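One structure below.
When a residue number appears, it is its place in the shown sequence, counting from 1. Please read these numbers as outputs of a predicted model, since none were measured by experiment. Every number for a ligand or one of its atoms is a count from 1 in the order of the listing.
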Amino acid sequence: MCGIVGFVGKKQASPILIEGLSKLEYRGYDSAGVAIIDKDHINVVKCKGRLRNLENKLSEHPLKGIVGIGHTRWATHGKPSDINAHPHNSQDGTISVVHNGIIENYVQLREWLTSKGYKFVSETDTEVIPQLIEYFYNGDIVEAVMKAISRIKGSYAIGVICSKEPGKLVAVRKDSPLIVGLGKNEYYIASDIPAVLNHTRDIYLLNDNEFVVITEDGVKLLTEDKKEIKRDVYHVTWSANAAEKGGFEHFMMKEIHEQPKAIKDTMTSRIMMDKPVTLDDIKITKEQIENIDKIYIVACGTAYHAGIVGKYVIEKLVRMPVEVDIASEFRYRNPIVNEKTLMIIISQSGETADTLAALREAKKQGARVIAITNVVGSSVSREADDVLYTWAGPEIAVASTKAYVTQLIAIYIIALFFAQHKKTLSAEKIEALKKEMLSLPVKAEKVLGNKEIVQEFAEKTYKKEDVFFLGRGLDYAVALEGSLKLKEISYIHSEAYAGGELKHGPIALIEDGTVVIAGATQEKLVEKMVSNIKEVTTRGAKVLAFAFEGDKDIEKAADSVILLPKTLDIFAPVLAVIPLQLLAYYISIKKGCDVDKPRNLAKSVTVE
Ligand code: F6R
């Protein structure tokens, strides 16, 4: 969950490292630091807090040198502090390390190193790495890193520099992302592509247990037994601008506005009128589909909420039983999985530790795994049997928006693909569904053009301490996502309930002035939602509802209504989530919160 960068070239490393870290701050922002080799000495500047604190410190103590590493932290072992900030040096100061991940056996390693006379200054797990490397160093930094790694258990992407070999940077990954950027006579390592995009679009995607050795002469990729690896260069097609704010004040607002395009891109070449649903990237055969008797959808957070939509949609269109599970629960409850199970893993980053562990568990038990992910080359994409990429482009704001709607689109695509193979829908029905899907980008654009009512409601709500979301069927799934968006970026306590559950307890919380957001897009359930709205307004609640245009009953029952362009019920979540994202955004702004980097969170949760 942290971000690491590294640079070897002819230019000064410091501004390049800082710029790279600014693109990775979404991964963590508890502290930041850089280490740069100046002749035969490593200088480190690091401090608690946001990257700007580090920039201020560097303006007072500039660092010279053309080889360096940098880090932005999301604290796990050891509180956010100057001392616990990375890079961490070995005892004699000759080796400096940045690390993203967790060293599981650090306590034993720390005790063992302490018995050998090593002294530790931080509370982190990471500090054992430079100390171990120093212990093993015997004139060859690559050898020493390899020996140290063979002693380490856990997940890591590590960047290492050594003042005794000042032109070199060594890196390695296992279960944490790492890419290598290939510039002209200059090279980079980073946890994610945006960090290098201003310099190069040519990158190497690394696999687990691969080592990288960078000097001014180039990049070598090595296996654990020092065999050189040949790797194709991956050329990034999206531009550096895709990872910039592009005129919006926040990434979240920009990404909300990118949704129509992201929806369209995710359907491109997969959903076409009068052509079968084509999934070039999915190799599952008709026979394998026939063999499946159960589907698990497993994910975390927002991706899990997309999974709940998936259950409703797949069960409806494909008539197969679907269970949705939170990845961290799935892996510890001995789920019933076998060769007849299909697992659909959903993960924007493709690096979420719990999701990855669930994928591995299911594969071990014989399941076939399809991954829906946004990141090419991510761990999930490499370990799944099939991958359906969401073409949302880089999502930088910590709160997920465009990734969620593209996950929904990916689910519809998979459902249609299965329905086509299993013939659970007629060809005419599939054509009708495709036609409606293809109209979603324009409809999403229309929803974005109707922000006033959301802004007005945000004005009335931002001082509240609690907000409740209600919905039935797919509106319940959307309610869960709306509630998560609100709590994560505005810090208002919010809960989502299935409308029918209201009277089984939650209604006790409704009092004069309580804010309730109610979804009513599902035709067969609208009447029931009207009753739910009445139940809460009678008790003094103020209700903002979302419903399709022309729904007079809801307009009468609720205090304010967001009217969505009409679509089929199953596609409603794609449109209905947009005003809820906007509501969370406007409330967050009114409260003065940090929209893109909410407290305590990080974009990609690569630890358990
Ligand atoms: C919420 C959010 C998180 C992620 C969750 C899974 O806005 O972004 O709840 O959805 O951490 O992340 P991925 O999809 O990367 O596995």
Check your understanding: Of all residues at least two apart in sequence or in a different chain, which pass the ring pair (Phe, Tyr, Trp, His ring centres under 6.0 Å) check with Y304?
Key ->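 Here no residue qualifies.
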
Practice item. Identify, with sequence neighbours excluded, every residue that meets ring pair (Phe, Tyr, Trp, His ring centres under 6.0 Å) alongside Y585. Key: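 Expected list: H250.
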
Practice item. In plain terms, say whether K363 and E383 are close enough for a salt bridge, that is, a side-chain N and a carboxylate O under 4.0 Å apart. Key: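 No, this pair does not count.
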
Practice item. Could you tell me whether E323 and R333 make a salt bridge, using a distance below 4.0 angstrom between a side-chain N and a carboxylate O? Key: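 Counted as a salt bridge, because a side-chain N and a carboxylate O are separated by less than 4.0 Å.
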
Ignoring hydrogens and angles, write down the donor-acceptor pairs under 3.5 Å from the side chains of residues 457-465, residues two or more places apart or on other chains.
residue: E459; atom: OE2; partner: K590; partner atom: NZ; Å: 3.2
residue: T461; atom: OG1; partner: F457; partner atom: O; Å: 2.6
residue: K464; atom: NZ; partner: G513; partner atom: O; Å: 2.9

Practice item. Kindly tell me which protein residues have any non-hydrogen atom under 4.0 angstrom away from an atom of ligand 1, grouped by chain and ordered by number? Key: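 The 4.0 Å shell around ligand 1 contains C300, G301, T302, A303, S347, Q348, S349, T352, V398, A399, S400, L484, K485, E488.
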
Point to revise | Distance under 6.0 Å and angle within 45° of ring axis: R73 vs Y29 | key: no

